[in-house]
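One structure below.
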Amino acid sequence: MSTPDLTAREVAHWAHRAGLPLDGERHAVVATTAQHIHAVVSTLRELDFGETHPAAVYSALPEVPDATL
């Protein structure tokens, strides 16, 4: 999936609309960063995770045996 590049002018528009102060010199950098994020998210959406459970199913903490059993 390909989308047109986000221009510095569009970045200025969307930043203003969102109420985010953004210096004019940063518009091009923000546009480039947004395009990179969009490319990464697009790639992730195309991955087939099959039967992989959602992250909420897993715990990073070790299981503690229940002493009442």
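Counting from 1, the numbers follow the sequence of the chain as shown. No hydrogens, no waters, no symmetry mates; every other heavy atom, side chains included, goes into these values. In this text, all values refer to a predicted model and were calculated from it rather than measured experimentally.
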Distance-only donor-acceptor pairs under 3.5 Å for side chains of residues 18-34, two or more places apart:
| residue | atom | partner | partner atom | Å |
| --- | --- | --- | --- | --- |
| H27 | NE2 | L22 | O | 3.4 |
| T32 | OG1 | A28 | O | 3.0 |
| T33 | OG1 | V29 | O | 3.0 |

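- The hydrophobic cluster containing V41 also includes I37, under a criterion of side-chain heavy atoms closer than 4.5 Å among ILVMFWY residues, counted directly or through chains of members.
- In this structure R9 satisfies the side-chain contact (heavy atoms from CB on, under 4.5 Å) test together with T7, sequence neighbours excluded.
- The 12-atom threshold is not exceeded at NE2 of H16, counting heavy atoms of other residues, nucleotides or ligands nearer than 6.0 Å.
- Alongside F49, the hydrophobic cluster contains V40, L44, L47 (criterion: ILVMFWY side chains under 4.5 Å).
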